[in-house]
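Here the structure is laid out as structure tokens; the discussion comes afterwards.
Lettering follows sequence order; numbering is per chain, from 1. On a predicted model such as this, the values are computed, not experimentally measured, just so you know. Just the heavy atoms: all of them, side chains too, but no hydrogens, waters or symmetry mates, feed the values below.
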Number of protein chains: 4
Amino acid sequence: MAALARASRYVFRWNKQVDPTFALSTRSMASKTPVGFVGLGNMGSPMATNLLKNGYPVIATDVFPGSCKEIQDLGAHVVDSPADVADKSDRIITMLPSSPDVIDVFTGPSGILKKVKKGTLLIDSSTIDPAVSKEMSVAAEKMGAVFMDAPVSGGVGAASLAKLTFMVGGPEEEFNAAQELLSCMGANVVYCGQVGTGQAVKLCNNMLLAIGMIGTAETMNLGIRLGLDPKLLAKILNMSSGRCWSSDTYNPVPGVMEGVPSANNYQGGFVTTLMAKDLGLAQNTATSTKTPIPLGSLAHQIYRVMGSRGYANKDFSSVFQFLREEEGQ
Amino acid sequence: MAALARASRYVFRWNKQVDPTFALSTRSMASKTPVGFVGLGNMGSPMATNLLKNGYPVIATDVFPGSCKEIQDLGAHVVDSPADVADKSDRIITMLPSSPDVIDVFTGPSGILKKVKKGTLLIDSSTIDPAVSKEMSVAAEKMGAVFMDAPVSGGVGAASLAKLTFMVGGPEEEFNAAQELLSCMGANVVYCGQVGTGQAVKLCNNMLLAIGMIGTAETMNLGIRLGLDPKLLAKILNMSSGRCWSSDTYNPVPGVMEGVPSANNYQGGFVTTLMAKDLGLAQNTATSTKTPIPLGSLAHQIYRVMGSRGYANKDFSSVFQFLREEEGQ
Amino acid sequence: MAALARASRYVFRWNKQVDPTFALSTRSMASKTPVGFVGLGNMGSPMATNLLKNGYPVIATDVFPGSCKEIQDLGAHVVDSPADVADKSDRIITMLPSSPDVIDVFTGPSGILKKVKKGTLLIDSSTIDPAVSKEMSVAAEKMGAVFMDAPVSGGVGAASLAKLTFMVGGPEEEFNAAQELLSCMGANVVYCGQVGTGQAVKLCNNMLLAIGMIGTAETMNLGIRLGLDPKLLAKILNMSSGRCWSSDTYNPVPGVMEGVPSANNYQGGFVTTLMAKDLGLAQNTATSTKTPIPLGSLAHQIYRVMGSRGYANKDFSSVFQFLREEEGQ
Amino acid sequence: MAALARASRYVFRWNKQVDPTFALSTRSMASKTPVGFVGLGNMGSPMATNLLKNGYPVIATDVFPGSCKEIQDLGAHVVDSPADVADKSDRIITMLPSSPDVIDVFTGPSGILKKVKKGTLLIDSSTIDPAVSKEMSVAAEKMGAVFMDAPVSGGVGAASLAKLTFMVGGPEEEFNAAQELLSCMGANVVYCGQVGTGQAVKLCNNMLLAIGMIGTAETMNLGIRLGLDPKLLAKILNMSSGRCWSSDTYNPVPGVMEGVPSANNYQGGFVTTLMAKDLGLAQNTATSTKTPIPLGSLAHQIYRVMGSRGYANKDFSSVFQFLREEEGQ
């Protein structure tokens, strides 16, 4: 596998097939030394828990004392600040809500970079602007540390079950070290290229996902209005060139599939607020790179409007309901 | 098979598995009686040729004498008008460019309905407004004939190779009779429901296809601008929720896949003019049914603009090129 | 004035300055002979009433007996069908909800053209597809009659007060005859060119109006979110290049102006359903002429969605409320 | 006038009616003390020149030596860095291309804030993100200086003729001091509210302008396709509810008006690249405030695509040409 990695420009390891020989040869992998963790929210908390379950001592912190207490009860060692986490560990995972939080946790007055040790591996799983990932990488490099971006796909359920997908950007020679930890929390760990590309891949995927979902919703709605049976329409689309993940795996029309949010009044899943956040980041990167994204941009606006009209906390497939005629009209 | 048709609401027969016993028992199926054909354009001509190849006598007509001459040389019997076709056959296939042509060929002064015989099966493979299909069906019924809409998916190449897909709307009890003929010209014949639903399914599919294609093009372009390798990006999208037919089967970025129009300077394939036509029909049906189609509508506009900017005769995946920065900028 | 009409290609008479000398010289203008009226709905009823007030005998019909009774009580002579109206008058005004109604009233089995007299002037004030206006014109011409399209701008209030604006298409030499009647029902009568151009102008105006209104709504909303005082923002926009009718005459933000629907919970005015109808017609004409209208098309979709989300009967400026964050979020 | 300013929440002085009595009573207004100027590009150079013409000594700097040389020849005193400008003047105007430039000129290692004196008035005429204006204001305040944002409307021509419009945000009590200088360079100086509101007003105006321009272009194009005379259509729109600045003052259709870019092959005016930049900033502020701007967002995308298709350096009204059918098609 190491040979493969050298042979092709991009290393692609979808499943957690870690070569143990190779894995043993790098920093702190031989024994389970402490892993730092900053950000114990809905996602971070189960992720840190999975590290504990895999036998890693965890040094954790969060701005909410309640979250700290919880992870402490599960065996983590809680400290006061990101700087203190950096003081006590040479591998740190961060999972934060937004770009400003990441900037603060790394470069703020009690930030990681205040006490980071040379050679420390910093893995940021937040979904943020790729440009911020690059800035953090530069700042970390000045301190002799390595920064990698590793945003996730999958929600709270996947985080609990260690079924997340990580999209990883950063120096290729550090990928194995990152993978050792990430594979405790996820089912797939994908190497995407230099720092920032993890974020880029995630934003690209979610933008295309949003477009496909709204497109599927309006297509299914139009078909129903034209007298088609929704199950039959979905079946034919899925055998034809209209096929997409939103039509064949996560259909937004109630009654077409089971086990998806549309079968459960759009509860659970990936809420429109979070989709709107990701589309906002995609829009920002498109604007700063002067890239036209007409459909991505309109998808962004549609999820913004939905957030204002009562759909903020419903799964993003509820766009089908949003576009549909209201009851009683 | 008839039992199956009655048991489920929708008969779904994707491959040409015609039950020969059953087929022999219905109208004019026992021996190969003449089949009428109106419309010998780029699509109609190879379709009629395939009927001849399958041993059916063909009674044909077209407004262009050249097209008539060609099919005559292949063994068809050419007559002067659609009315004359109706006079000499009890199964007629029409393949015409637009709704007004269909109206004229059926209800015009020399139209099919002027001389149609009771019990004649009329199969219209044109892509038109489903409302017009319904009107033709009503007009045919008054004359004791049966009208079915059966638009195709697949281009000139598929027509020549008898690899088209037919989406069929009309009385379910006539589906077998239609399928006998259509399966000589296509690989898949799908029953969609009452008259007009063949058109509805086709328009729905192509609208979602257009949305997925533009979405894929802008996503790939954004990823490339953000420093991603296009092949790697396509690979990850295709394993993730961004996956769609345009990303995994017909990728619009040169170099990502072989054997698709993007690998051949967007020659061949499905030209933007035809996609714009189908999106215009989808828009019309959405407007008349008061259905919101925000992305479908924008996709329509984008293909309209492309048609004005030199992309009229390129494959519809050339939207990637249209959105991209021009050389030398 | 006749000289002016010849001098410039287009006659433009915004105010009702009818030259009495000239007016007296044409068909049935010297004395007030009966005027036919078909379509006594919310708009047609006050329009016909204004003809009565101006001393014209009115021969009327409508599908609803109640509407007929009402106009009869005001002095009109009610007959059974459009054909009967044509039998008893040589000038007929029609005011109908949609293209199919117009087709039926003119060319149906009891339609105007069944009994129309040579030289009759047919003025259609319905808002319909310009292509249908042209068809009706051709059909009328075959019977020796003259058809003009004269859609209106202004609502029920303007109809009652005879303050409508008529946009008139048809033979220029008949404009004076049309103007004599229309100026009883409206304040402005504008000649737009050959038949169909009245409709074309109306659809163009309303499309740009819809774009300007949504644009104003989102701009005002953005400004408010950025901390601007809405009155000040409107004032500066109105002195700058952002100025439009929706910002300076019909501002959609409550509190900015008085006497507009936004000051009255978006009651009255021009309801979103009617705007969506006009945008649908604009979309149809754009599609059939292969004209790209990206913003017009999106405006159409936004009013479609609003119709599905409880805004159907609010003034079209309520798009400000639709885009805004809901109370309590 | 001072009383008026106190009486209403917003001071609104559209024309340069400076009360001389009041003007003489504030900081450094009595005599013409030196004014600093950073950024001598296409806009900054004529602006600084106008200060010189009005008798103000100018202390200037720019990264391009050529620009420095030019203003020096006109009588300005050139120094090495923004810090040196701050050292030698207590009123400084900055005119820079983008947010990062502003951040660097103010807070960089040779930035203004390194040597700024207490009480200095800092007026930034760059068009940037309002959030950056606020940040600069906070940083300036820490040094005892006052920061105001004063972006301009009007291009190079207006800058040369001192006909710019300034939209000013900042402490109201400093508005007169700012106005003294700005009125040497512009015809209108408008107070918009607290710091950042100058930018906000400019972005709002330009977003609505872009929407109105594209809307006008597609409406005029549609009308022409429907057979309308463009001059007549413009005339009627301008008397109706479709009226906007782009239709009545800056019509994008060649032949409708004189003295506008459309009459001169779209040379001069406000180029699409700059419009795309402003729309990008509007999009960023909308995203960060979670405000839906569907049409503004699509307008942004259209100008982005135009930038990629050869329209980068044409006036933004060239969208009419972009949407139109190409010659020879």
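- Qualifying side-chain contact (heavy atoms from CB on, under 4.5 Å) partners for D/N205, counting only residues two or more places apart in sequence or in other chains: C/L237, C/S240, C/S241.
- Among D/T216, D/I211, D/L233, the residue making the largest number of heavy-atom pairs under 4.5 Å with chain C is D/I211.
- Of the inter-residue distances, the one linking D/Q194 atom CD with C/L228 atom CG reads 9.0 Å to the nearest 0.5 angstrom.
- For the set C/A200, C/G223, C/P294, the entry with the most heavy-atom pairs within less than 4.5 Å of chain D is C/P294.
- Note on C/I224, C/D248, C/I302: by heavy-atom pairs under 4.5 Å with chain D, the leading option is C/D248.
- A distance of 6.0 Å separates CG in C/L232 from SG in D/C192, rounded to the nearest 0.5 Å.
- The candidate with the highest count of non-hydrogen atom pairs below 4.5 Å against chain C, out of D/A299, D/P292, D/G242, is D/G242.
- Distance CD1/C/I236 to OG1/D/T165: 10.0 Å, rounded to 0.5 Å.
- With a 4.5 Å cut-off on non-hydrogen atoms, D/L203 does not touch chain C at all.
- For D/R304, the side chain to side chain donor-acceptor pair (under 3.5 Å) partners are D/H300, not counting sequence neighbours.
- The nearest pair of heavy atoms linking C/K290 to D/R225 is O-NH1, 3.3 Å.
- The choice from C/A217, C/S153, C/C244 that makes the most heavy-atom pairs within less than 4.5 Å of chain D is C/C244.
- Of all residues in residues 278-289 of chain D, those placing a non-hydrogen atom less than 4.5 angstrom from a non-hydrogen atom of chain C are D/A282, D/T285, D/A286, D/T289.
- Atoms CG and CD, on C/L295 and D/E218 in that order, are 4.5 Å from each other to the nearest 0.5 Å.
- Between C/L209 and D/R243, the closest side-chain pair of non-hydrogen atoms is not below 4.5 Å.
- With sequence neighbours excluded, the residues satisfying ring-ring contact (aromatic ring centres under 6.0 Å, His included) with C/F147 are C/F106.
- The contact between C/L323 and chain D is made by backbone and side chain atoms together, counting heavy-atom distances below 4.5 Å.
- Distance check: D/N206 CG to C/T219 OG1 gives 10.0 Å after rounding to the nearest 0.5 Å.
- Heavy-atom pairs under 4.5 Å with chain C peak, among D/T197, D/L222, D/V201, at D/L222.
- Side-chain contact check for D/T291 and C/R324: no donor-acceptor pair (N or O, by modelled atom type) lies under 3.5 Å.
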